[in-house]
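Structure first, commentary second.
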Amino acid sequence: MKLTNFFLPTKKEVPSEAKIVSHRLMLRAGLIRMETSGIYSWLPLGYKVLEKIRHIIEFQHLQKNINQMLMPTIQSSDIWIQSRRYDSYGEEMLRITDRNQKKLLYGPTNEEMITVLGKDYIQSYKELPLYLYHIQNKFRDEIRPRFGVMRAREFLMKDAYSFDIDKKSAEKTYELFFNLYLNIFNKMGLNIIPVRALSGEIGGDLSHEFHCLCETGESEIVVDTNILEPQKSESFSTFSNYYSSTIEYFEKSGIENSKLKVKKSIELGHIFLFGDKYSSSFDFKINSPSGLIFPYMGSYGIGLSRIPAACIEINHDEKGIIWPQQISPFDLIIINLRVKSELCVNFCNEMYDVCKNQNIDILFDDRDERIGVKFSEADLIGIPFQLLIGKRFEEDSVIELKNRKTGDVLEITEKEFLENYLKKIRQ
RNA sequence: CGGGGAGUAGCGCAGCCUGGUAGCGCAUCUGUUUUGGGAACAGAGGGUCGCAGGUUCAAAUCCUGUCUCCCCGACCA
């Protein structure tokens, strides 16, 4: 994409209302725009990040043969009345009435809907286990939305649901998702800590949340200090050697241990095993060798739209965002510092075409702007690598590859760039 | 929902106390000069001061109501 064609409304100043650094940078870099309290539009640059995250999640789910689908955001209240959550979910649920006075709601989650779906289609235990997921907007009418997309009312979530024949099988499924989640967050370049959690409104008896450590986070977790060392081979079994839980879980458990520390964090994922809570309330029974059984269910969520904010909170400096390569909106930005020079223009266009042909997601700053503006905005939007073409190229055919994170600038030739560096830039 | 704050140009703000018909910075447009880290100069455009009502000769300013947004707290991915 050429920057002259790309909608990138950056700002030097930002409303004083935005308090935390990720919210400020997301507004300044033109990633998001508030429409009303807790409800945001994702502008092209922000949407690209969201799409990178989505692709990682979709790819990893596909590796485990988990079916992707799409359920509607609007649900009938009938199924929520049947699960007895229509009242208990309370004010957080956005209720809507259609022209026929039918009571609808904007779904905060989909356990009810997926249970009814399972009941309609699953005839035999031989079809189990069955895993389904979708990526869809949710609405929870938060008492106080804040921090931009970090605590929004409308948000994008990946939610998966599992059906198993019994508890033992469901626990294997739970472990599969647990490891899948570690893998997904790892692929996003995020250090994540799984913590034992209470299961809250969803219900059930086994639940973990996935947190990243962050001083400005709204959550608190209690962890064994050994867990803070980065783990080489992260898996369910590795983490089961250490204590980690949400502060709420810790307080209820009454454990005492001097090796435990309280840390601020951001919750990015939550998994639950809730058994037959919903299958029984919907009288969802299937035949099995041991007679009629209620399928054992679980659900597995990732707060997609919270991830860019969490990532920025952890990866930024005074100049702006520093995206991890894996979820950066672009792999590389080519910056033409000499727009008036035919030599530079032609060379930039040539590099732009080469990169496109090599499947590099590339942004080309071809604008007739002052170099200060170009440098500042490139630093602000945080693309990991900047290819600078200007004076040094005109004089000595040297192009400069700058690392956004370290600030290091490599002076290289076209040949070196194409042969040695292009593949490092591609994800 | 309780407590606090704010709505004035696309964005950030001043003006309000003490009423006299709106200003600054950034951005935008035109021109000239500049050009390796958010340029300089000259000129220009852009506002029913959140909305409604009231007081007054006169309201951004005072009064009443209302809507919206933000912050602190209780709730949550």
Side-chain angles (χ1 to χ4, degrees), chain A residues 9-20 23-24 27-28 30 33-39 88-93 107-110 135-159 181 197-202 207-212 217-220 246 248 265-272 299-307 309-310 318-320 335-341 344 365 367-381 386 388-395 398-400 402 407 409 411:
Chain A
T10 58
K11 290 182 188 308
K12 282 200 222 173
E13 291 168 307
V14 99
S16 51
E17 298 159 354
K19 299 293 175 198
I20 64 171
H23 189 194
R24 299 178 65 82
L27 292 170
R28 279 193 59 208
R33 164 188 153 78
M34 187 178 83
E35 299 298 347
T36 187
S37 178
I39 298 181
S88 67
Y89 219 95
E91 294 290 307
E92 229 175 278
M93 189 154 67
T109 178
N110 287 61
I135 293 173
Q136 179 220 39
N137 274 9
K138 299 285 186 286
F139 194 95
R140 295 181 190 173
D141 200 355
E142 292 285 338
I143 292 172
R144 187 150 84 89
R146 66 185 119 172
F147 303 147
V149 294
M150 197 78 93
R151 174 162 308 288
R153 293 194 295 169
E154 187 180 0
F155 59 99
L156 189 60
M157 178 168 154
K158 189 257 10 176
D159 43 324
Y181 272 36
L198 300 169
S199 44
E201 182 58 30
I202 308 261
S207 176
H208 282 83
E209 293 179 5
F210 293 78
H211 286 247
C212 64
E218 289 186 272
S219 306
E220 284 183 325
T246 61
E248 295 85 2
S265 67
I266 301 169
E267 178 187 357
L268 296 176
H270 201 164
I271 62 178
F272 305 88
S299 70
Y300 315 88
I302 294 178
L304 239 90
S305 48
R306 183 179 275 183
I307 292 174
E318 66 288 346
K319 290 175 179 169
I335 306 177
N336 186 356
L337 301 170
R338 286 284 172 98
V339 183
K340 299 277 192 292
S341 154
C344 288
D365 189 351
R367 297 173 304 170
D368 185 7
E369 281 287 351
R370 300 179 59 81
I371 58 140
V373 173
K374 293 189 167 204
F375 282 136
S376 307
E377 292 195 352
D379 289 345
L380 175 63
I381 65 177
Q386 303 172 2
L388 312 178
I389 292 158
K391 188 163 76 183
R392 297 283 286 118
F393 181 74
E394 277 192 308
E395 291 169 358
V398 166
I399 57 179
E400 294 155 283
K402 182 176 162 187
V409 179
E411 303 200 338

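It should be emphasised that the depicted structure is a prediction, and the values quoted were computed from it without experimental measurement. Residue numbers begin at 1 in each chain, while the letters A, B, ... track the order of the sequences.
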Whole angstrom is fine here: how far is it from [atom1] in [X] over to [atom2] in [N]?
X: A:K391; N: B:G37; atom1: NZ; atom2: C1'; result: 12 Å
X: A:L27; N: B:C26; atom1: CG; atom2: P; result: 22 Å
X: A:H23; N: B:C70; atom1: NE2; atom2: C1'; result: 10 Å
X: A:H270; N: B:C75; atom1: NE2; atom2: P; result: 16 Å
X: A:I371; N: B:U34; atom1: CD1; atom2: P; result: 16 Å
X: A:E394; N: B:U35; atom1: CD; atom2: C1'; result: 12 Å
X: A:F147; N: B:C70; atom1: CZ; atom2: C1'; result: 12 Å

For [N], which nucleotide is its Watson-Crick or G-U wobble mate, given both distances must be under 3.5 Å?
N: B:C26; answer: B:G10
N: B:C62; answer: B:G54
N: B:C1; answer: B:G73
N: B:U48; answer: none
N: B:A39; answer: B:U33

Answer yes or no: does a side-chain N or O of [X] lie under 4.0 Å from OP1 or OP2 of [N]?
X: A:K12; N: B:A27; result: yes
X: A:R140; N: B:C76; result: no
X: A:R144; N: B:C71; result: yes
X: A:R151; N: B:C76; result: no
X: A:S37; N: B:C70; result: yes

What is the nucleic acid contact for [X], judged by heavy atoms within less than 4.0 Å: base, sugar-phosphate only, or nothing?
X: A:G301; answer: nothing
X: A:T36; answer: sugar-phosphate
X: A:K19; answer: sugar-phosphate

Between [M] and [N], how far apart are the [atom1] atoms? Round to whole Å, please.
N: B:G46; M: B:C29; atom1: P; value: 16 Å
N: B:A60; M: B:C16; atom1: C1'; value: 7 Å
N: B:G7; M: B:C11; atom1: P; value: 14 Å

Please determine, for the side chain of [X], which listed nucleotide ([options]) has the closest atom?
X: A:E400; options: B:C75, B:C76, B:G36; value: B:G36
X: A:L380; options: B:C70, B:G36, B:G38; value: B:G38
X: A:L388; options: B:G37, B:C26, B:G36; value: B:G36

For this session: Please determine, by modelled atom types, if A:T10 and A:E377 share a side-chain donor-acceptor pair under 3.5 angstrom.
Result: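 Per modelled atom types, A:T10 and A:E377 side chains form a pair under 3.5 Å.
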